[in-house]
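Inspection log for the structure reproduced underneath, given as structure tokens.
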There are 2 protein chains.
Amino acid sequence: MPPVRKERADAARNREAVLAAADRLFAERGDCEVSMDDIAAAAGVGKGTLFRRFGDRVGLIQALVARRAEALRADIEAGSTPLAPGAPADERALALLAALLGFKLANRPLMLALENAGSGSPYLSETYGPWHAQLAGLLAEARGERDADFLAHALLAAVRSDLIEHLTATGTSPADIHSGLAALARAVLSPTP
Amino acid sequence: MPPVRKERADAARNREAVLAAADRLFAERGDCEVSMDDIAAAAGVGKGTLFRRFGDRVGLIQALVARRAEALRADIEAGSTPLAPGAPADERALALLAALLGFKLANRPLMLALENAGSGSPYLSETYGPWHAQLAGLLAEARGERDADFLAHALLAAVRSDLIEHLTATGTSPADIHSGLAALARAVLSPTP
DNA sequence: CACTATACGGACCGATAGTCCGTATACGCA
DNA sequence: TGCGTATACGGACTATCGGTCCGTATAGTG
């Protein structure tokens with residue numbers, strides 16, 4: 001049963017053009033000042049094409065992020081320690097957060113746009129749930145079930161893109177952010193008396 | 001030198017009408033689905049009146065919040081321990097966060113609207129700076145200067161309105177949130193080895 | 001009562017996400 | 001190669017919203 005038709009060649013070409021143009025625009029225009037019309041124009045396609053392909057603004061941004069996040073997820077799921085299973089839970093949690101922070105620092109405008117999209121809340125984003133679940137699991141393993149859920153949310157909140165943006169904009173260096181995050185994570189991970 | 005003219009009676013009446021209508025609308029419509037036109041219509045005034053009085057959307061929301069936050073600030077600046085100066089820094093930090101969380105829980109739609117307003121980032125809001133400075137000071141006192149700035153940001157990020165909203169929407173009780181926040185704050189406050 | 005500073009209101013504007021539909025074209029098939 | 005149709009294209013169009021403008025109304029004053 002092949003009810004799935006192959007994607008038409010021009011459609012594939014346009015999809016790539018749109019992704020490339022959007023990626024470039026988000027990278028060069030610092031903040032989220034990128035409209036769908038801008039992207040369509042830069043890609044040399046009509047607006048209808050954008051929306052048919054990606055559904056809406058969030059869909060487009062998610063497609064961009066997904067492409068960049070492949071390496072990250074691979075590392076986490078099967079890659080090198082201490083990110084991968086096998087290492088102690090606390091080290092894995094630490095490495096997970098550091099990796100996430102690194103990714104957000106490396107893709108600031110895009111991640112900012114992603115978290116601002118979707119009518120405000122980043123918690124509705126499809127990607128948040130898995131991150132939270134994994135981190136909460138590690139926390140439960142490292143320090144007990146109690147409050148693990150909330151603490152995972154709190155740790156993820158500490159790497160929200162607009163906070164990162166605010167910190168870098170006010171002069172905090174990436175190294176300082178990493179240091180602060182590590183301190184926070186260690187404090188949370190150390191078992192409570 | 002009295003170059004300040006007294007506010008005209010009709011202007012005062014309208015200001016109250018607008019604040020009352022906005023308060024009601026934010027309270028009954030759960031999320032931030034309240035447009036300026038809605039508020040103007042509900043208050044029975046023209047849109048121009050809204051904007052002349054409050055400048056813009058953020059100004060109006062801040063006026064609403066300010067009115068509700070008077071009691072809170074009074075408590076913190078001169079009120080009862082352990083919120084007021086005099087108590088140990090760690091207890092004050094704990095109480096500060098709990099008070100902030102309580103306030104946000106009690107004014108969910110409004111605080112959500114406030115943090116979403118202002119072109120996205122809550123870090124540009126006038127109120128954030130003082131909160132952060134105060135908390136960072138307490139953290140520095142309780143556990144040392146190192147990372148105090150970032151940790152204050154992180155603690156405040158844990159009570160961001162959209163996270164509160166997400167938690168309550170997914171079934172977490174206010175008591176659980178308070179419990180989690182307290183655990184987080186205690187972990188952060190305990191001096192690092 | 002008249003005069004002026006102040007306020008009113010809603011038509012208007014610009015931007016932006018998202019829709020619609022007539023037109024063009026890629027591709028399987030004969 | 002030529003044909004028919006499913007698929008895709010594009011950009012005009014709509015809806016919504018924050019914010020502005022300016023002609024009109026009125027509160028306060030002497």
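Residue numbers begin at 1 in each chain, while the letters A, B, ... track the order of the sequences. Owing to the predicted nature of the structure, the values given are computational and were not obtained by experimental measurement.
- Along DNA chain D, the nucleotide nearest to A:R15 and the one nearest to B:A9 differ in position, and the one closer to the 5' end is contacted by A:R15.
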Strictly under 4.0 angstrom, non-hydrogen atoms only: write out the protein contact profile of nucleotides 12-23 of chain C, one letter per nucleotide from the 5' end, B, S or -. -----BBBB---
Taking distance alone, no hydrogens or angles, what donor-acceptor pairs closer than 3.5 Å link side-chain atoms of residues 144-157 of chain B to residues at least two apart or in another chain?
from: B:D147; atom 1: OD1; to: A:S179; atom 2: OG; distance (Å): 2.9
from: B:H153; atom 1: ND1; to: B:Y128; atom 2: OH; distance (Å): 2.7
from: B:H153; atom 1: NE2; to: B:H132; atom 2: NE2; distance (Å): 3.1

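- Spacing between atom CZ of B:R8 and atom P of C:dT4 amounts to 15 Å, rounded to whole angstrom units.
- If you take CZ on A:F51 and CE on A:M36, they are separated by 4.0 Å, rounding to the nearest 0.5 Å.
- For C:dG9, one of the phosphate oxygens OP1 or OP2 lies less than 4.0 angstrom from a side-chain nitrogen or oxygen of B:T49.
- Counting to the nearest Å, the C1' atom of D:dC21 and the CG atom of B:L50 are 16 Å from each other.
- Applying the salt bridge (charged side-chain N to carboxylate O under 4.0 Å, His left out) criterion to B:D90, with sequence neighbours excluded, gives no partner residue.
- Annotation: the terminal axes of the helix from C:dC1-D:dG30 to C:dA30-D:dT1 meet at 0°, where each axis is the rotation carrying the C1' atoms of four end pairs onto the next four (5 pairs per end, rounded to 10°).
- For A:R186, there are no salt bridge (charged side-chain N to carboxylate O under 4.0 Å, His left out) partners two or more places apart in sequence or in a different chain.
- For the side-chain contact (heavy atoms from CB on, under 4.5 Å) test, residues two or more places apart in sequence or in another chain that qualify with B:S125 are B:Q62, B:T127.
- Considering only residues two or more places apart in sequence or on other chains, A:D56 meets the side-chain contact (heavy atoms from CB on, under 4.5 Å) condition with A:V58.
- Here the P atom of nucleotide D:dA25 and the CZ atom of B:R13 are 17 Å apart, to the nearest Å.
- A salt bridge links B:R29 and B:D38; the closest N-O separation between the charged side-chain nitrogens and carboxylate oxygens is under 4.0 Å.
- One can place CG of B:N14 at 17 Å from P of C:dT6, the figure rounded to the nearest angstrom.
- Here B:F54 pairs with B:R15, B:V18, B:L19, B:L60, B:A63 under the side-chain contact (heavy atoms from CB on, under 4.5 Å) rule; sequence neighbours left out.
- Every side-chain contact (heavy atoms from CB on, under 4.5 Å) that A:A89 has, sequence neighbours left out, goes to A:L138, A:E141, A:A142.
- Spacing between atom CZ of B:R53 and atom P of C:dT6 amounts to 12 Å, rounded to whole angstrom units.
- Distance, B:D10 CG to D:dA25 P: 15 Å, rounded to whole Å.
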